[in-house]
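To start, the structure under review is shown below, and the notes come after it.
Start at 1 and go down the list; that is how both ligands and their atoms are numbered. Remember, predicted model here, so these are calculated numbers, not experimental data. Nothing fancy with the numbering, it's 1 onward along the sequence. No hydrogens, no waters, no symmetry mates; every other heavy atom, side chains included, goes into these values.
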Amino acid sequence: MRAARQTLRRPDDLIAAGLVAAERRAAIEAVAARYALAVTADVAELIDPADSQDPIARQFVPEPAELDASPQEMTDPIGDDAHSPVEGIVHRYPDRVLLKPVHVCAVYCRFCFRRETVGQGRALSRAQLTAALDYIRTHGEIWEVILSGGDPLVLAPRRLAQIVEALAAIEHVKVIRVHTRIPVVEPARITPALVRALRARGKATYVVLHVNHARELTANARAACARLVDAGIPMLSQSVLLRGINDDATVLGELMRTLVECRIKPYYLHHGDLAPGTAHFRTGIEQGQDLMRALRGRLSGLCQPTYVLDIPGGHGKSPIGPGYLTHIGGGHGTARYQVEDFNGRTHAYPPRP
Ligand code: SF4
């Protein structure tokens, strides 16, 4: 029997909802003692308990394999700490910063790259937020601020509006980008008040949706995204390539097409980060490149995300292919190339005359 409209936060809640068998209680409790657990009612309703490989369940229901950390995995896989000049800010690239006002999410993805820090119930104190905003104010090179976390859309609209207004008042900040999973995992939170809070006066606000499977884009999720887009907020997506969940050209293609139909431009397909206990979710990079080739071969250019890897240790994101252009001779200015078309056939491209 499913609990009605409540977020499931304990292993017993998952058992009562029929998402975990009672005999697995001890194993799931061991995982939940180590990493945060939350499954919203919207997500729970999407899960097919009869399917042991359900792609929604696998993203949110804990698995004992999460306790098997491999030596190459790290607590801070994308190196946030190395680029954090003040609490709540990550300044990795010259023209943009992450601002992390909260460390909580509505759900906890089992493959989360910040799983060692999210879910601890912490938010920036008033003093820390003031210091973070001061950092942005005093760094004129910061053109874009990315609200991330945690999920910034768990904040009440009034609190979110205060942050957005403070950022919008900084002359050199021109773009505010919000990274969130809320429109798919708790779409009712995308209220008119929240949409108003996101609109920064005189600045551009973008919302980037984290979504990994077309089934997450329910009618309610689509309506929530439409409320944002109709208010003039462009939406992009980011997805994580996940073994057994979306590492299939048909599944991935359906996700990208559904996003575009919802007026959301696919932006990033992330190769899985080296977060602790997530090896069972990761694919090989060559598999990701094969999938990207398959998408290129069958879907509109609008549906193509960029396949990216966050280089472990905090060295930033790099596109990791596949490449379609091969240098076959000549030097700078006289180079000859071979270029691959969407069917995998290669063609010569002549040097400059
Ligand atoms: S929504 Fe993002 S930050 Fe939160 S648990 Fe999922 S991946 Fe981690």
Side-chain angles (χ1 to χ4, degrees), residues 7-9 14 31-32 34-44 46-47 55-63 66 73-81 84 88-90 92 98-124 146-155 160 177-187 189-190 207-213 216-217 221 224-225 235-243 245-246 255 264 267-282 305 308-310 317:
T7 293
L8 313 175
R9 297 188 182 278
L14 298 179
V31 181
R34 177 74 180 80
Y35 297 113
L37 162 63
V39 181
T40 58
D42 294 274
V43 168
L46 263 184
I47 293 173
I56 310 301
R58 288 209 48 229
Q59 292 184 59
F60 303 106
V61 175
E63 271 296 323
E66 292 174 47
E73 293 174 338
M74 27 186 121
T75 52
D76 180 19
I78 72 166
D80 283 347
D81 289 348
S84 185
I89 292 281
V90 178
R92 197 185 327 265
L98 287 186
L99 170 59
K100 301 190 283 188
V102 284
H103 297 285
V104 295
C105 299
V107 287
Y108 291 104
C109 310
R110 308 320 304 169
F111 45 85
C112 176
F113 65 127
R114 294 202 178 111
R115 62 189 331 215
E116 297 286 343
T117 52
V118 297
Q120 316 297 325
R122 287 186 296 131
L124 288 188
I146 301 162
L147 292 180
S148 182
D151 195 320
L153 296 195
V154 300
L155 290 169
L160 194 61
R177 191 198 321 172
V178 180
H179 284 185
T180 183
R181 220 166 176 355
I182 291 291
V184 291
V185 301
E186 208 170 1
R189 272 187 186 264
I190 308 297
V207 168
V208 180
L209 176 69
H210 172 183
V211 57
N212 301 315
H213 196 283
E216 294 172 59
L217 289 157
C225 294
M235 287 188 74
L236 306 168
S237 71
Q238 53 179 340
S239 305
V240 184
L241 182 58
L242 296 166
R243 188 179 348 152
I245 293 171
N246 60 15
L255 170 62
I264 302 169
Y267 179 35
Y268 281 146
L269 176 66
H270 294 272
H271 188 75
D273 293 311
L274 297 175
T278 61
H280 55 299
F281 286 113
R282 279 194 298 281
V308 291
L309 173 72
D310 262 292
K317 237 176 230 67

Any salt bridge between Asp80 and Arg92, counting N to O under 4.0 Å? yes
Charged N to carboxylate O under 4.0 angstrom, Arg115 versus Glu73? no
Under 4.0 Å to a heavy atom of [X] - the qualifying atoms of ligand 1, by number:
X      : result
Tyr108 : 5 (S)
Arg181 : 1 (S)
Val107 : 5 (S)

Give, for atom [atom1] of [X] and atom [atom2] of [Y], the distance between the pair rounded to the nearest 0.5 Å.
X      : Y      : atom1 : atom2 : answer
Asp273 : Met74  : CG    : CE    : 9.5 Å
Asn212 : Leu242 : CG    : CG    : 5.0 Å
Leu46  : Thr40  : CG    : OG1   : 8.5 Å

Any N, O or S atom of Cys112 closer than 2.8 Å to atom 4 (Fe) of ligand 1: no
Would you check whether His210 reaches within less than 4.0 Å of ligand 1, judged by its heavy atoms? yes
Of all the non-hydrogen atoms in the protein, which one sits nearest to atom 6 (Fe) of ligand 1, and at what distance? Cys109 SG, 2.4 Å
When you measure from atom 4 (Fe) of ligand 1 to every protein heavy atom, which one gives the shortest distance, and what is it? Cys105 SG, 2.3 Å
Side chains of Tyr268 and Ser239, heavy atoms from C-beta outward: is any pair under 4.5 Å? no
